[in-house]
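In what follows, a structure is listed as structure tokens, so that the remarks can point back to it.
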Amino acid sequence: MVNFKKIIAEKIAKVVELNIEEIESYIEIPPNQEMGDYAFPCFKLAKTLRKAPPIIATELKEKIETDSNIEKIDIAGGYLNFYINKLELAKYVLEEIDLKQEKYGSNESGNGKNIVIDYSSPNIAKPFHIGHLRNTVIGSALYKIYKYLGYNTTSVNHLGDYGTQFGKMIEGYKRWGEEYDLESNPIDECMNIYVRINNLCKEDESVLEQCRENFKKIEEGDPYCVEIWNKFKSLSLKEFQKIYDLLGVTFDSFNGEAFYSDKMDEIVEILEKNNSLNESEGAKIVNLEDKGLGVCMIKKSNGSTSYATRDLAAVLYRTRTYDFDKCLYVVAYEQNLHFKQIFEVAKCLEIPEKCLNGLEHVAYGMVRLTTGKMSTREGTVIKVDELLQEAIDRVQKIIDEKNPNMENREEEAKKIGIGAVIFNNVCSTIIKDQVFDWNTVLNFNGETGPYIQYVYVRTKSVLEKAGYIPNINEVKFELLQDKESLKVISTLYNFENILMSVVEKNEPSLLARYLIELSQNYSNFYNENKIIDDNKEIQNARVYLSKAVGTVLKTGASLLGIQMPDKM
Ligand code: ARG
């Protein structure tokens with residue numbers, strides 16, 4: 001689509017000694033539209049031109065020509081303000097939506113680039129809690145948006161399926177397996193076994209020894225231990241899959257920690273070869289003290305590997321398999337140090353510069369309940385399957401009260417309930433800690449998923465009421481020049497830019513905020529304008545705009561993983 005910012009930058013580049021990209025990076029959006037659509041801050045030139053910004057602005061204004069796209073240029077202090085032609089804008093935007101429909105906003109900017117996104121990555125035989133939910137939702141949104149912009153994207157679920165805790169699970173299972181109903185309630189029962197064996201280990205050192213022995217047996221391929229371990233894995237995965245299905249989340253790879261069990265020797269060899277390993281009390285470590293990053297454990301004194309070793313093996317494997325330009329790790333900020341260490345040690349792995357520079361920890365904040373921090377021991381962990389079901393049930397109850405005759409009630413309740421939870425997880429800046437509160441999540445009028453869905457359904461009912469949906473060449477753009485219509489149109493214009501900033505900053509909340517803004521702007525337009533009108537030309541223009549808004553809301557929501565209901 002036409003890029004007004006670029007057009008302006010090109011005009012400025014003709015009269016100053018700066019390149020287009022640099023100018024583009026300086027151009028701002030003024031705080032309100034009365035001050036123009038774009039502004040160039042002339043103080044950026046003050047040093048080289050040795051003049052005061054207002055004087056530069058006056059001189060530049062004389063030299064820059066207006067045209068069919070840019071209809072007016074103004075000076076405000078040291079700023080040069082540009083006003084774009086709103087008739088052209090309406091035409092460009094609506095024609096582009098007509099052309100691309102539900103692909104509007106997509107582009108090919110990512111072609112030829114490989115992106116790996118590591119997200120969700122829960123631990124086997126442990127509950128999937130709301131921290132994992134946030135991670136899963138954020139990762140999946142990024143995955144969809146990268147793809148939409150043409151990147152070759154691979155999603156990886158780096159399952160926590162390795163380590164001494166599995167030796168413990170096996171020991172518990174050996175001792176009391178029969179007492180537990182693993183088939184019908186796998187995760188809870190696994191937790192019960194785990195808590196019980198942990199207590200026993202604390203009392204009796206020899207049991208702990210047994211557990212370590214079991215894990216070693218897994219590593220050596222002992223058939224009995226491997227069989228039980230696989231049983232835990234498949235039971236857990238089946239439970240996790242139910243959650244992924246509800247959320248509509250998919251993965252291209254489930255290569256978890258265990259996948260790297262035979263790939264860690266190479267890491268030790270490489271680090272040994274280039275003298276990066278130190279011995280410390282029988283363990284092999286990389287000393288990162290001089291970088292303020294402590295030590296990174298590669299091989300413990302008993303010969304077993306660590307979480308870090310497996311992540312290093314994963315870096316090497318992903319480099320070779322995917323030749324990535326970016327490898328994103330969507331993981332809580334609690335693991336900041338871990339990833340700093342991994343990225344530092346990765347420099348010793350002889351991998352291409354491109355991959356090294358592409359490693360990035362996309363850290364997100366904690367999720368807390370209104371009642372405080374979660375704790376497994378105190379039973380204040382909310383389990384995600386229960387949470388999602390509760391969201392659906394609560395919506396169902398609201399529908400029963402407000403709209404008992406609604407068609408497909410169950411399906412719609414699912415879309416709304418799940419949509420509400422997803423939106424809540426992506427709507428604030430991801431690094432911020434977040435509080436989970438039912439009243440905010442399900443509020444139909446607040447800045448929530450249900451609100452966006454509600455506005456979408458409103459656009460649909462406008463089309464239904466109109467009965468006739470005009471063709472783009474029946475739309476008179478001059479009838480969409482009032483303040484509210486223009487606000488909607490310029491928001492629609494911004495969609496692609498927003499998506500570009502999402503991948504630039506790895507911040508899906510920008511899209512969530514955008515959808516709220518579009519919904520609010522459409523609501524204002526709807527309140528200020530009579531859409532079903534005796535003047536059919538006016539009606540056609542407004543109906544068409546409603547349709548365009550519906551298309552963009554639906555596309556944007558689906559990129560976050562939210563489905564739109566047909567009725568509400
Ligand atoms: N399983 C880990 C946890 O639940 C997260 C793994 C994240 N990914 C990674 N490559 N380390 O804390």
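Atoms within each ligand, like the ligands themselves, are counted from 1 in listed order.
- Only one option out of Phe343, Tyr333, Phe339 pairs with His361 in a ring-ring contact (aromatic ring centres under 6.0 Å, His included); it is Phe339.
- Geometrically, ligand 1 and Tyr329 share no nitrogen or oxygen pair separated by less than 3.5 Å.
- Of the N or O atoms in Gln335, one or more lie within a sub-3.5 Å distance of an N or O in ligand 1.
- The side chain to side chain contact (heavy atoms under 4.5 Å, CB included) test applied to Asp118 returns Ser121, His158, Arg318, Tyr329, not counting sequence neighbours.
- Polar contact check, Asp311 against ligand 1: a nitrogen or oxygen pair lies under 3.5 Å apart.
- With a 6.0 Å cutoff to the six-membered ring centre and a 45° limit on the axis angle, Lys144 does not count as a cation-pi contact of Tyr146.
- Between the side chains of Glu189 and Asn192, at least one donor N or O lies within less than 3.5 Å of an accepting N or O.
- Where the criterion is an N or O separation shorter than 3.5 Å, residue side chain and backbone included, Tyr307 meets it with respect to ligand 1.
- The residue from Asp325, Asn111, Asn114 that alone fulfils the side chain to side chain donor-acceptor pair (under 3.5 Å) condition with Asn152 is Asn114.
- In this structure, the protein non-hydrogen atom closest to atom 9 (C) of ligand 1 is His158 CD2, 3.4 Å.
- Ring centroid separation for the pair Phe251 and Tyr119 comes in under the 6.0 Å cut-off.
- A donor-acceptor contact closer than 3.5 angstrom links the side chains of Ser109 and Asn107.
- For atom 7 (C) of ligand 1, the nearest non-hydrogen atom of the protein is Val331 CG2, 3.5 Å.
- Ser121 O, 3.5 Å is the protein heavy atom nearest to atom 5 (C) of ligand 1.
- Selection from Val330, Asn123, Asn135, Asp118 by nearest heavy atom to atom 10 (N) of ligand 1 gives Asp118.
- Atoms of ligand 1 lying under 4.0 Å from any heavy atom of His132, numbered from 1 in the order shown and given with element: 4 (O).
- Heavy atoms of Tyr119 found under 4.0 angstrom from ligand 1: none, in either backbone or side chain.
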